Amino acid sequence: MPSVTTYSTGHPPDLLSPSPVTTLARTADAPEFRVLGTLEVRRGTAVYRPRGPKVRKLLALLVVRANDIVTMDQLVDELWEGAPPATAQNTARTHVYHLRQELGRQLGPDLVHALLVTESTGYSLRVDERQTDLTAFHRFYRQGCRQLRSGHVESAYESFGAALGLWRGTVLVDVRQGRVLTAHAREIEEFHLHAQEKRIEAAMRLGHYHELLPQLMNLVARHPYNEWLHAQLIDALHRAGRRGDALRAFQDVRTVLADELGVEPSADLRRVHQCVLMGERAA
């Protein structure tokens, strides 16, 4: 597991820069498979990015489904997006062969033989859970959730920071995604947002209101209908002594919801607004 730097609550870190995690903990010289940004395989200082759009799709699907079987039907659906040729299964096997050849040149054929396994119904990438950034992200995320529930707020804050530090950009940003990968990518991005929300929750409980404001402003601009994020922004502005800005932020989201969705703010959002009006802190 990557090391996690701890901070005292009196000296909060830059909330826009999650705890950096550049190397996944693993056995010596084991390859790392990364999808939280560009698709790449790392081994030591060497970085491999597969060539060919279908080989890239194939590797991406194997990594996001690491240690699970990607069936031939799923593989064909992803590679040809619902319109496969009559020779699709044989062609898919050829792409797997090319992927094995490429990985073999980078990692060695014996290691690839153990990594990329042929199953009766498809293929599987067999790796230690510490060898993929996606699995490491989920591990840190679950750890942070447990710590937050048990009241270990600062530890949770650091765990969520470690999870977010694994991200290098939009998931599989350099892979043209078919239907199967698109579904996986949407789910992964949703977890990314959840991790950001959980870290914000921890930061609010630690009193890092001023430090949170740039990130919250950025997030509400990217997710204008996310009322939870708007509520945190309004609350953080209020707690940071910017009551007028907090009231304006409520009016802004109220206008967006009315003009674009035809709805009023939720009860939770109205409650935060009322707390600002009354000069009270939201629970």
Side-chain angles (χ1 to χ4, degrees), residues 2 16-18 20-24 26 30-68 70 74-84 88 91-107 111-112 115-116 122-127 129-138 140-141 162-196 218-219 222-223:
L16 290 175
S17 301
V21 179
T22 56
T23 303
L24 307 180
R26 50 186 170 78
E32 302 171 6
F33 296 86
R34 301 187 175 197
V35 295
L36 303 180
T38 55
L39 173 66
E40 62 184 36
V41 181
R42 285 179 174 261
R43 192 182 194 190
T45 59
V47 180
Y48 161 65
R49 296 182 177 90
R51 296 171 295 177
K54 284 188 165 49
V55 170
R56 294 163 74 81
K57 280 188 178 190
L58 171 60
L59 179 59
L61 189 52
L62 287 166
V63 175
V64 299
R65 295 279 304 278
N67 297 314
D68 195 4
V70 178
Q74 291 167 335
L75 182 54
V76 167
D77 192 17
E78 172 61 32
L79 294 180
W80 286 280
E81 302 182 34
T91 306
R93 293 187 184 98
T94 300
H95 290 308
V96 173
Y97 170 79
H98 288 314
L99 176 61
R100 280 200 172 105
Q101 292 295 105
E102 285 196 36
L103 288 174
R105 286 192 288 271
Q106 302 296 322
L107 307 176
L111 178 57
V112 173
L115 286 170
L116 183 47
Y123 301 92
S124 180
L125 184 70
R126 298 297 182 184
V127 291
E129 65 172 10
R130 295 167 297 177
Q131 286 180 254
T132 78
D133 57 356
L134 178 58
T135 306
F137 166 76
H138 283 300
F140 278 126
Y141 174 80
L164 293 169
L166 291 163
W167 285 72
R168 297 167 290 112
T170 303
V171 63
L172 293 172
V173 66
D174 58 341
V175 178
R176 178 181 173 180
Q177 298 165 25
R179 299 189 305 192
V180 181
L181 270 179
T182 295
H184 284 293
R186 286 174 179 167
E187 180 182 13
I188 296 165
E189 290 286 358
E190 194 65 25
F191 270 108
H192 186 213
L193 178 58
H194 291 335
Q196 292 178 86
N218 178 272
L219 284 171
R222 289 164 50 199
H223 305 279

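Keep in mind that this is a model prediction, so the values were computed, not measured.
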Distance-minimising heavy-atom pair for [X] and [Y]:
| X | Y | value |
| --- | --- | --- |
| Val112 | Gly104 | CG2-N, 3.5 Å |
| Ser124 | Asp68 | OG-O, 3.0 Å |
| Pro31 | Leu107 | CB-CD2, 4.0 Å |
| Leu61 | Val64 | O-CG2, 3.4 Å |

Got a donor-acceptor contact below 3.5 angstrom from the [X] side chain to the [Y] backbone?
| X | Y | answer |
| --- | --- | --- |
| Arg168 | Thr38 | yes |
| Glu189 | Val171 | yes |
| Gln106 | Tyr48 | no |
| Glu78 | Leu181 | yes |
| Asn67 | Val127 | yes |

Can you tell me if [X] has over 12 outside heavy atoms packed within less than 6.0 Å of its [atom1]?
| X | atom1 | result |
| --- | --- | --- |
| Arg222 | CZ | yes |
| Arg126 | CZ | yes |
| Arg93 | CZ | yes |

Inset, instruction - Could you tell me whether Phe191 and His138 have their ring centroids closer than 6.0 angstrom? - result: yes
Legend entry - Cationic N near anionic O, under 4.0 Å, Arg179 to Glu81: no
Inset, instruction - Would you mind checking if Asp174 and Arg56 are paired as a salt bridge, meaning a charged N to carboxylate O distance below 4.0 Å? - result: yes
Inset, instruction - State which residues pass salt bridge (Lys or Arg N to Asp or Glu O under 4.0 Å) with Arg100; sequence neighbours excluded, sorted by chain then number. - result: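 Residues passing salt bridge (Lys or Arg N to Asp or Glu O under 4.0 Å) with Arg100: none at all.
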Inset, instruction - Not counting sequence neighbours, which residues clear salt bridge (Lys or Arg N to Asp or Glu O under 4.0 Å) with Glu102? List them please. - result: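 With sequence neighbours excluded, Glu102 shows a salt bridge (Lys or Arg N to Asp or Glu O under 4.0 Å) to no residue whatsoever.
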Inset, instruction - For side-chain contact (heavy atoms from CB on, under 4.5 Å), just list the numbers for Glu32 and Gln131, CA-CA rounded to whole Å, side-chain angles, deciding distance to a tenth of an Å, and then say yes or no. - result: CA-CA 5 Å; Glu32 302 171 6; Gln131 286 180 254; 5.7 Å; no
Check: [Y] and [X] side chains under 4.5 Å, non-hydrogen atoms:
| X | Y | result |
| --- | --- | --- |
| Gln101 | Val55 | no |
| Leu59 | Val41 | yes |
| Leu134 | Leu36 | yes |
| Leu115 | Leu103 | no |
| Arg42 | Arg34 | yes |
| Leu75 | Leu79 | yes |

Legend entry - Step-by-step side-chain contact (heavy atoms from CB on, under 4.5 Å) determination, Leu125 to Arg65: CA-CA 8 Å; Leu125 184 70; Arg65 295 279 304 278; over 6 Å; no
Inset, instruction - Show your reasoning for whether side-chain contact (heavy atoms from CB on, under 4.5 Å) applies to Phe140 and Leu164. - result: CA-CA 9 Å; Phe140 278 126; Leu164 293 169; over 6 Å; no
Inset, instruction - Indicate the ring-plane relationship of Trp167 and His192, choosing parallel, tilted or perpendicular according to the 30° and 60° boundaries. - result: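 Rings of Trp167 and His192: parallel, under 30°.
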Inset, instruction - Nearest 0.5 Å please: distance from the NE2 atom of His184 over to the CD atom of Gln177. - result: 10.5 Å
Legend entry - Thr132 versus Thr135, side-chain donor and acceptor atoms under 3.5 Å: yes
Inset, instruction - Show your working on side-chain contact (heavy atoms from CB on, under 4.5 Å) between Phe33 and Asp133 and close with a plain yes or no. - result: CA-CA 7 Å; Phe33 296 86; Asp133 57 356; over 6 Å; no
